[in-house]
Amino acid sequence: MSVLTFRNVSLRYPARPGRGSAGEKLVLDTINLQIASNELVAVIGRSGSGKTSLLNLAAGFLDPSAGTITVDGEPVRGPDADRAVVFQDDALYPWLDARDNIAFPFKLKGVPLAERRARADTLLDRVGLANAGDRRIWELSGGMRQRVGIARALAAEPRFLLLDEPLGALDALTRTRMQEFLLRIKAESGAGALLITHSIEEALLLGTRVVVLSPNPGRLTAEIEAGFNAEVLNGASVAAVKASPLFKRMHAGLTGLIHATSDEEMAA
Amino acid sequence: MTLSTEIGALPQRTEAEETARPRTARPLPVAVISAITVVLIIGAWGLASAYALVSPVFLPSPRQVVLALYNLVAKGFVDATLAEHVGASLTRIFGALIASIVIGIPAGIAIGTSRVGRGILDPIVEFLRPLPPLAYLPLIIIWVGIGEASKITVIALSMLPSIILSTSAGVRAVSKDHVNAARSLGASRWQVLAEVVLPSSVPSILTGIRIALGAGWTTLVAAELVAATSGIGFMIQSAAQFLVTDIVIAGIIVIALIAILLEYIARLIERRLVPWASHR
């Protein structure tokens with residue numbers, strides 16, 4: 001069991017270089033958050049609340065201005081394969097076909113060509129794209145691309161999956177299917193996950209925990225446990241779960257929480 | 001504001017004209033218009049020489065030029081056949097191309113990825129880029145001698161800037177997500193460079209090579225006019241000295257055809273090598 005920990009993490013952007021602390025922007029303020037391997041922590045918040053900055057910190061693309069981020073007690077020093085990122089715009093390599101995109105992390109480790117292709121084929125099979133290995137990236141639909149992106153992240157054998165609105169660019173039907181897919185693949189992989197999303201419904205459905213990030217500066221204002229992902233994993237249909245009274249009540253509650261933060265802001 | 005006036009200034013077809021035009025009439029394709037132009041030019045040329053409007057010494061007839069071309073292929077001119085002249089020229093340009101790729105791509109990567117690299121190489125490239133290669137040809141001859149090396153050096157120097165600049169532009173245009181993805185999948189700095197930055201710059205590098213080939217070809221012919229004992233430019237220069245204008249014109253046509261062919265091959269390679277370039 002691994003744990004990804006944010007301890008008193010703050011992030012500031014200097015407004016303009018050479019102007020000292022004046023005009024500095026506090027993006028994230030004293031974030032405390034723990035994500036364990038058996039969890040999928042969904043972060044929701046309005047745009048500008050620093051959701052993506054939070055993920056970039058976890059990935060190691062950004063360094064915190066204060067506080068520490070650790071994986072199993074080891075401080076995070078830059079990006080690493082133990083925290084693989086899935087991007088909203090897939091970030092697949094167009095010069096490689098689907099199979100070689102998935103095999104990319106194996107290539108980085110120096111796995112021989114035949115073996116890495118065979119292992120990529122296993123992953124292709126796992127994400128339901130057994131016949132798409134030779135396809136060019138631009139020949140794949142948005143949903144298929146994200147499956148390839150997720151398979152590529154899994155190929156790095158990460159302890160944590162960092163999901164930056166991975167389903168954000170998909171149409172509604174594909175999105176629902178991909179939500180269930182994401183849950184299963186995450187559960188099978190045994191990796192912990194941090195999911196950034198702007199969809200309350202998605203956060204509630206997928207997250208074992210949902211945290212609300214309020215903007216200006218980004219603060220964690222609420223944290224709730226959610227059990228709907230277990231229901232889906234146990235075979236309940238996504239549609240039925242979303243239609244249940246409890247889901248609707250929690251959805252309304254979260255909506256209220258997010259709007260409350262924006263109302264406060266307006267009052268201030 | 002300018003836009004509306006420009007549109008207003010465009011000739012507007014009246015409704016009467018529109019209806020008067022038969023529905024079946026289609027506008028001529030550009031290729032047909034071009035073909036007609038070429039035929040007209042050659043026709044005018046033929047007429048001008050047939051009626052001796054210009055002295056045949058200055059303007060041989062098209063038939064004479066075709067004949068000269070045939071003789072060039074069969075017998076040659078100044079101790080070498082056309083194939084040998086073209087071969088000498090192509091050897092120089094490809095030698096220079098290889099040299100400028102070997103130097104230009106690493107230099108472009110250095111400019112695109114490192115502040116120090118940019119600081120060192122930028123002034124050199126910016127100095128070299130606007131210089132007409134013939135301006136430094138005499139100096140190169142003094143330094144390197146009149147052999148092949150001086151010609152290859154000058155041609156390579158004329159090719160270098162576009163290869164360096166297109167490489168550095170390609171390197172700088174690499175997608176941030178592509179780089180970040182590789183880093184989060186465990187890539188080292190060198191692996192990011194080799195596996196992401198370089199492949200994603202290939203379309204830009206190939207464009208640079210295509211432009212470089214054009215520049216190199218121009219320089220090659222010019223360099224051969226000045227200092228060479230073989231090559232297509234030398235052939236033209238020798239023919240001109242003896243007022244053999246049909247060979248001069250035949251040579252010019254060969255130069256143009258090779259330039260078009262090189263461009264075509266370069267585009268073909270681009271399409272083969274980076275089919276994904278148009279799908280980013």
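Values reported hereafter were calculated over all heavy atoms of this structure, with side chains retained and with hydrogens, waters and symmetry mates removed. The shown structure was predicted, so the numbers you read here are calculated from the model rather than taken from an experiment. So that the names make sense, note that chain A is the first sequence line, chain B the second, and so on, each numbered from 1.
Residue L96(A) does not touch chain B at all, counting heavy-atom pairs closer than 4.5 Å. Heavy atoms of R83(A) lying under 4.5 Å from chain B belong exclusively to its backbone. Proximity to chain A (any heavy atom under 4.5 Å) is shown, for A194(B), by neither the backbone nor the side chain. With a 4.5 Å cut-off on non-hydrogen atoms, V274(B) does not touch chain A at all. With a threshold of 4.5 angstrom between heavy atoms, A59(A) does not approach chain B through any atom at all.
A donor-acceptor pair under 3.5 Å links the side-chain atoms of Q146(A) to the main chain of Q88(A), judged by distance alone.
R118(B) and I111(B) make their closest contact through CB-O, 3.8 Å (heavy atoms, listed as atom of the first residue, atom of the second, distance). Closest non-hydrogen pair, L134(B) versus A223(B), comes out as CD2-N, 4.1 Å.
With 3.5 Å as the limit, one finds a donor-acceptor pair spanning the side chains of R92(B) and S230(B).
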Exercise. T68(A) and V9(A): side chain to side chain contact (heavy atoms under 4.5 Å, CB included), yes or no, with the steps?
Worked result: CA-CA 6 Å; T68(A) 53; V9(A) 170; 5.8 Å; no
